[in-house]
Amino acid sequence: LAMDAVQQANSGHPGAPMSLAPVAYELWQNHMRYDPAAPAWPGRDRFVLSNGHASMLLYSILHLAGVKGDNRRPVTLDEIKRFRQLGSCTPGHPESHLTTGVETTTGPLGQGISNAVGMALAARWMHANYTRPGFESLFNSRVFAICGDGCMMEGISSEAASFAGHQKLSNLCLLYDDNQITIDGSTSLAFTEDVGRRFEAYGWRVRRVADANDRAGVAVALEAFEDTADLPTLVIVKSKIAWGAPHKQGTRDAHGEPLGVDEVAATKKFYGWPEDAKFLVPAGVYEHFQKGIGARGAGLHAEWDKKFAEYRKQYPDLAAQIDAIEKRELPAGWDKDIPSFPADAKGLATRESSAKLINAVGKNVPWLVGGAADLNPSTKTKLTFDGAGTQQADSPGGRNIHFGVREHAMGGIMNGMAQSKLRAYGSGFLIFSDYGRGAIRLASIMEMPVIYVFTHDSIGVGEDGPTHQPIEHLASLRAMPGMTVIRPGDANEVAEAWRTIMPWKHEPVILALTRQALPTLDRTKYAPASGLAKGGYTLAESSPTPELILIGTGSEVMLCVEAYEKLKAEGAKVRLVSLPSWELFEKQTQAYRDSVLPPKVTKRVCVEMASTFGWERYATTGGTIIGMTTFGASAPLKDLLKHFGFTVEAVYAAAKKLL
């Protein structure tokens with residue numbers, strides 16, 4: 001099937017699916033706890049194909065096993081024939097939101113490994129928090145992932161593997177296809193390390209299978225994993241890429257392009273397969289899978305359902321929580337402790353107010369789980385209420401995760417946790433969103449509701465200097481389809497941000513928060529912060545028919561507030577607008593957007609301590625943008641603000657010039 005699909009598409013990667021077919025068969029048919037008729041069954045094992053270019057391996061097994069039954073599209077034989085074609089559910093790399101049975105979107109190498117780590121972490125967390133005496137079998141899901149040489153070279157794999165070893169994730173099994181071929185040629189060109197010893201140093205148990213065609217050897221390695229209770233397992237499987245292709249097996253030519261009609265025919269002859277038959281599934285094959293994984297999975301699923309029904313009777317509250325997790329719903333009263341902040345000229349850094357919010361929300365949403373990339377004291381994202389705990393190998397039910405200095409792996413792990421339905425959050429400095437961008441992008445593609453709490457969001461970082469001062473990052477993240485960026489202007493906007501984002505089921509979000517304190521606005525004088533839910537709103541206006549609009553985000557809103565008050569005192573017709581989220585604002589009706597930013601009012605001053613790129617849409621041709629056109633500098637904040645023009649005087653002067 002893999003050969004035929006790639007050949008018909010005239011595009012794809014046939015080699016790895018061909019050589020890994022015995023491994024995938026042995027795993028699915030004889031070891032995975034999985035019901036093909038119920039691919040969303042909570043008690044299932046998870047399978048991740050990290051080397052997503054080998055997608056025809058996954059599509060073939062999903063088809064032959066008869067995986068179907070959720071609201072996505074199943075892999076039919078017709079869909080395999082439409083491999084890599086517009087509108088098919090068999091795209092070039094697996095996409096979890098399209099295809100039944102695909103647990104996570106993979107393709108950028110190494111991402112799947114980090115996703116698998118997140119899934120294993122989530123499964124262990126569920127076991128620790130919801131298992132009760134007599135029900136130990138309910139929450140024991142395992143995670144299997146296949147990866148290749150390219151995955152092993154990527155830095156995210158090392159980050160994730162190190163984390164998994166530290167956490168002793170014994171429910172995680174990584175099968176490494178050691179075929180020693182990449183696009184360039186032999187891995188000896190650039191990759192000569194001993195991967196097994198590397199993983200042993202990470203704290204993994206390493207097994208080896210000398211030949212991917214040795215199904216018995218694969219079975220022994222998987223059984224050894226099943227008996228391992230203290231460490232994650234790496235199974236190194238030696239294979240020959242495109243096994244059986246007489247002229248191309250073991251070569252780079254079999255990696256990323258069709259074998260060619262003649263080579264396909266010759267390979268089928270070697271296999272003892274009809275040479276001219278295309279997309280052939282012989283009689284009895286579907287029935288064979290049904291008698292294997294189908295019957296075994298259905299039996300395991302039925303036992304699980306029966307056991308969970310008993311669990312529901314004895315622990316109805318816990319069962320209700322599990323139902324909510326599976327539906328991505330929130331418990332009643334989840335927002336009852338969200339505070340309202342009184343006016344305060346001194347105020348709080350938005351990272352500080354967010355710390356209060358994450359704890360107010362977290363104690364009422366038991367499955368809000370996350371942490372920081374070694375920056376909890378700075379990002380203020382630690383859950384501090386009684387019972388929150390820290391997640392470690394000896395305390396797997398904790399809700400605070402120390403990801404270490406591993407921004408990229410943190411993002412991939414968060415995606416895996418979110419695929420397992422936990423409400424995952426992670427944090428770091430906004431500047432280091434660069435380091436995790438691959439995982440952030442995949443969260444957007446997969447529509448995973450992960451929460452990024454990025455602090456130190458501007459040149460307000462001060463003395464740390466330009467290496468730590470984000471400039472282009474807001475513009476870059478706003479450019480990402482599906483991502484919502486929110487930059488609150490005071491503590492009450494932070495509260496509304498958390499109130500807004502928590503119910504989301506499919507949208508990833510970035511909260512961009514300050515290191516420095518921001519005054520808390522007097523909401524009896526200015527509009528309620530509830531306007532944040534619409535992305536932008538009028539804070540105040542001196543006239544319902546303004547001649548000029550001041551627009552700010554985050555820490556710069558207060559500059560606009562003070563400039564507004566000066567202009568108002570002079571009798572100017574001015575409107576003051578807070579625009580914390582472009583994405584939320586653009587989702588509003590045209591009528592609402594025009595009510596906040598009337599098109600006829602072209603005199604506008606937009607203020608943000610970041611790249612000016614993109615602000616043209618709001619400044620219009622008659623406006624002024626006060627932003628950054630260079631990198632920052634190392635100096636105390638007050639000196640930086642004056643040097644780069646982020647002062648009330650500068651905003652006021654720009655407005656006066658336009659007026």
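Heads up: numbering here begins at 1 and tracks the sequence.
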Considering non-hydrogen atoms only, spot the tightest contact between Ala164 and Pro232 and give its length. O-CG, 3.9 Å
Minimum heavy-atom separation for Ala418 and Val450, please, with both atom names. CB-CG1, 3.7 Å
Stepwise side-chain contact (heavy atoms from CB on, under 4.5 Å) check, Val102 with Val75: CA-CA 10 Å; Val102 175; Val75 179; over 6 Å; no
Between Thr455 and Arg515, do the side chains contain a donor N or O and an acceptor N or O under 3.5 Å apart? no
With side chains defined as the heavy atoms from C-beta onward, is the minimum distance between Ile146 and Val48 less than 4.5 Å? no
Sub-4.5 Å side-chain heavy-atom contact between Leu174 and Trp204: yes
Using the rule given for ring-ring contact (aromatic ring centres under 6.0 Å, His included), can you reason through Phe144 versus Phe225, listing the C-alpha separation, both sets of side-chain angles and the distance that settles it, and then say yes or no? CA-CA 10 Å; Phe144 297 92; Phe225 157 69; 5.4 Å; yes
Please examine the side chains of Ser354 and Trp498, heavy atoms only from C-beta on, and report whether any two atoms are closer than 4.5 Å. yes
Please report the C-alpha distance between Asn359 and Thr384 in whole Å, then the side-chain angles of each, then the deciding distance to 0.1 Å, and finally whether the side chain to side chain donor-acceptor pair (under 3.5 Å) criterion is met. CA-CA 7 Å; Asn359 277 279; Thr384 57; 3.2 Å; yes
Passing candidate, side chain to side chain donor-acceptor pair (under 3.5 Å) with His408, options Arg437, Gln111, Glu159: Gln111
Charged N to carboxylate O under 4.0 angstrom, Glu496 versus Arg499? yes
What are the two closest non-hydrogen atoms of Thr484 and Lys587, and how far apart are they? OG1-NZ, 4.4 Å
Take the angle between the ring planes of Phe289 and Tyr25 and call it parallel below 30°, perpendicular above 60°, tilted in between. perpendicular
Would a distance-only check, ignoring hydrogens and angles, find a side-chain to backbone donor-acceptor pair under 3.5 Å from Glu79 to Arg73? no
For Met119, the option from Asp45, Leu172, Val143, Ile413 that meets side chain to side chain contact (heavy atoms under 4.5 Å, CB included): Val143
Less than 4.0 angstrom from a charged side-chain N to a carboxylate O is my criterion; do Lys505 and Glu447 meet it? no
How far apart are the C-alpha atoms of Asp323 and Arg312, what are their side-chain angles, what is the distance that settles it, and do they pass the salt bridge (Lys or Arg N to Asp or Glu O under 4.0 Å) test? CA-CA 10 Å; Asp323 292 341; Arg312 187 182 296 279; 2.7 Å; yes
Considering non-hydrogen atoms only, spot the tightest contact between Ala497 and Leu511 and give its length. CB-CD2, 4.0 Å
Going by heavy atoms in the side chains, are His63 and Tyr286 under 4.5 Å from each other? yes
Atom CZ of Arg441: over 12 foreign heavy atoms under 6.0 Å: no
Within the 4.5 Å heavy-atom criterion, are Thr100 and Leu62 side-chain neighbours or not? no
side-chain contact (heavy atoms from CB on, under 4.5 Å) between Ser96 and Gln419, intermediate numbers included: CA-CA 9 Å; Ser96 59; Gln419 289 284 20; 3.2 Å; yes
Just by distance, with hydrogens left out, do Thr106 and Ser50 show a side-chain donor and acceptor under 3.5 Å apart? no
With a 4.5 Å heavy-atom cut-off, do Phe454 and Arg351 have their side chains touching? no
Determine whether Gln29 and His288 satisfy the following criterion, side-chain contact (heavy atoms from CB on, under 4.5 Å), listing intermediate values before the conclusion. CA-CA 9 Å; Gln29 182 76 330; His288 174 71; 3.4 Å; yes
What do you reckon, is NZ of Lys382 surrounded by more than 12 foreign heavy atoms closer than 6.0 Å? no
Flag the pair Lys356 / Phe341 as yes when at least one side-chain heavy-atom distance between them is below 4.5 Å, and no otherwise. yes
With sequence neighbours excluded, what pairs up with Arg205 under the salt bridge (Lys or Arg N to Asp or Glu O under 4.0 Å) test? Asp230
Looking only at heavy atoms, what is the nearest atom pair of Ser114 and Gly412, with distance? OG-CA, 3.3 Å
Is it the case that atom NZ in Lys291 sees more than 12 heavy atoms from other parts of the structure closer than 6.0 Å? no
Minimum heavy-atom distance between Arg72 and Leu98, given as atom pair plus value: CB-O, 3.6 Å
Tyr311: ring-ring contact (aromatic ring centres under 6.0 Å, His included) partners, not counting sequence neighbours: Phe135, Phe139, Phe308, Tyr315
Assess whether a salt bridge exists between Arg44 and Glu103, defined as any Lys/Arg side-chain N lying under 4.0 Å from an Asp/Glu carboxylate O. yes
Are the side chains of Val369 and Met417 in contact, using a 4.5 Å heavy-atom criterion? yes
Of all residues at least two apart in sequence or in a different chain, which pass the side-chain hydrogen bond (donor to acceptor under 3.5 Å, both in side chains) check with Asn364? Asp337
Would you say Arg46 and Ser420 are linked by a side-chain donor-acceptor pair, where the criterion is simply a distance under 3.5 Å? no
